[in-house]
Amino acid sequence: MCGRFVYAAQCGENQLAFPQVVFPNEIPLRYNIAPGQDITAIANTAEPRADTFKWGLIPSWAKDHKIGNRLINARGETLAEKPSFRTAFKRRRCLIPATGFYEWQRNPDGKTKTPMYIALKSGAPFAFAGLWESWHSPEGQRIQSCTIITTEPNDLMAPIHNRMPVILPANAYDLWLDPAERTDLQALLSPYFAQEMTAYPVSTLVNSPINDTPDCLKPAKPPEQSALF
DNA sequence: CCAGACGTTGTT
DNA sequence: GTCTGG
DNA sequence: CCAGACGTTGTT
DNA sequence: GTCTGG
């Protein structure tokens, strides 16, 4: 799955990576983005424009916004059928700019976990495939929210975790952002090219979302292997 | 007809 | 909102 | 994803 | 254990 990510691009790099998108502001630099927080996404509106969305999709029919806490990911394999996602899959897709993400890999002891940082070898920004919604609270307040789509792991991710977020290749952005209703996009939701990605362990500093600093990206020593043989 | 679910992950 | 189950 | 809370009453 | 909050 994907429960934490990073956006720490160089100034101007986002416009280079997403030339067709309007950025009213630079995307804030973040080193430890957690579910429930406001993130920047590009919705498939007539003019693709970076905007703010709460991470954790709140379906339009929800009575309570808290359901979004559990819908931070959506399985790509079943999007078209799930009541919470199928309409958004047809009509409300988005790109979520990132420069990396974290996954917690279970250690050989079977109990503890080591956080891993995963990014492109190029270090360039990329985009998660996402869905967005606009929810109206009973009090009349509007909340825009979004979710990150997941798929099976590629060869790099398989040892780390049994799911990974969908990273779209740049040549798929226009198709994913087509404002038209469409149902032919499932093929885009596949694992990204493993040979273009890299992964390394980081410290447990990243465990707490309070820590949102460049230190989160520092390589850490891998966990001790079991001496029992 | 109305009531109730609607999701992912990980863990057991 | 829309589908399933009772 | 992980961290942290998880409760009531009465008093200030 | 399970839910909420970040």
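Residue numbers begin at 1 in each chain, while the letters A, B, ... track the order of the sequences.
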Any donor-acceptor pair under 3.5 Å linking the side-chain atoms of D38(A) with those of W55(A)?
no
Between dT9(D) and dC3(E), how far apart are the P atoms? Round to whole Å, please.
24 Å
Would you say the base of dC6(B) stacks on W61(A) (centre-to-centre below 5.5 Å, plane angle below 30°)?
yes
Using the C1' atom in both, what is the distance from dC1(D) to dT8(B), to the nearest Å?
12 Å
Take the protein atom CD1 of I33(A) and the nucleotide atom C1' of dC2(D), then report the distance between them rounded to whole Å.
16 Å
If I take atom CE in residue M164(A) and atom P in nucleotide dT9(B), what distance separates them, rounded to the nearest angstrom?
13 Å
When the distance from CG of N207(A) to C1' of dG6(E) is rounded to whole Å, what number comes out?
13 Å
For DNA chain D, what string of dots and brackets results from 5' to 3' when Watson-Crick and G-U pairs need both distances under 3.5 Å, crossing pairs get [ ], and pairs with another strand get |?
||||||......
Compare all side-chain heavy atoms of F5(A) with those of F128(A) and state whether any distance is below 4.5 angstrom.
yes
In whole angstroms, how far is the C1' atom of dG5(E) from the CG atom of N32(A)?
14 Å
Using a cut-off of less than 4.0 Å, is there contact between a side-chain N or O of R4(A) and OP1 or OP2 of dC2(D)?
no
Tell me what I210(A) touches on the nucleic acid: a base, only sugar-phosphate, or nothing, going by heavy atoms under 4.0 Å.
nothing
Residue-phosphate contact under 4.0 Å: K113(A) side-chain N/O, dC2(D) OP1/OP2:
yes
Counting any heavy atom closer than 4.0 Å, what does Y102(A) reach on the DNA or RNA strands: base, sugar-phosphate only, or nothing?
nothing
Length of the CG-P vector between N69(A) and dT9(B), whole Å:
16 Å
Nearest whole Å is fine: how far is dG1(C) P from R91(A) CZ?
12 Å
For a quick check under 3.5 Å, do N211(A) and S208(A) share a side-chain donor-acceptor pair by atom type?
no
For dT8(B), does either OP1 or OP2 sit under 4.0 Å from a side-chain N or O belonging to T78(A)?
yes
Between S208(A) and dG6(E), does any side-chain N or O lie under 4.0 Å from OP1 or OP2?
no
Strictly by modelled atom types, are R163(A) and T151(A) linked by a side-chain donor-acceptor pair under 3.5 Å?
no
Where the side chain of R163(A) is defined as all heavy atoms beyond and including C-beta, which of dT9(B), dC3(C), dG6(E) is the nearest nucleotide?
dT9(B)
Considering only heavy side-chain atoms of T150(A), the closest of dG6(E), dT8(B), dC3(C) is dT8(B)
Between dT2(E) and dG10(D) - P atom distance, rounded Å
33 Å
State whether R49(A) and D51(A) are salt-bridged, where the test is any N-O pair (Lys NZ or Arg NE/NH1/NH2 against Asp/Glu carboxylate O) under 4.0 Å.
no
Under 3.5 Å, is there a donor-acceptor pair linking the side chains of N44(A) and R92(A)?
no
Minimum-distance nucleotide to S84(A) side chain [options: dC6(B), dG6(E), dT9(B)]:
dC6(B)
Side chain of K66(A) only, heavy atoms from C-beta on: which candidate in dT4(E), dT8(B), dC1(D) is closest?
dT4(E)
From dC2(D), dC6(B), dG6(E), nucleotide with atom closest to P83(A) side chain
dC6(B)
Assess, by modelled atom type and distance only, whether the side chains of T112(A) and N107(A) contain a donor and an acceptor separated by less than 3.5 Å.
yes
From NZ of K63(A) over to P of dA5(B), roughly how many Å is that when rounded to an integer?
10 Å
So T87(A), base contact, sugar-phosphate only, or nothing? Heavy-atom distance under 4.0 Å.
nothing
Using a strict threshold of under 4.0 Å (side-chain N to carboxylate O), is an ion pair present between K121(A) and E196(A)?
no
Between C1' of dT9(B) and CD1 of I148(A), the distance in whole Å
14 Å
Got a sec, which residues hit side-chain contact (heavy atoms from CB on, under 4.5 Å) with R86(A), two or more places apart in sequence or on another chain?
P83(A)
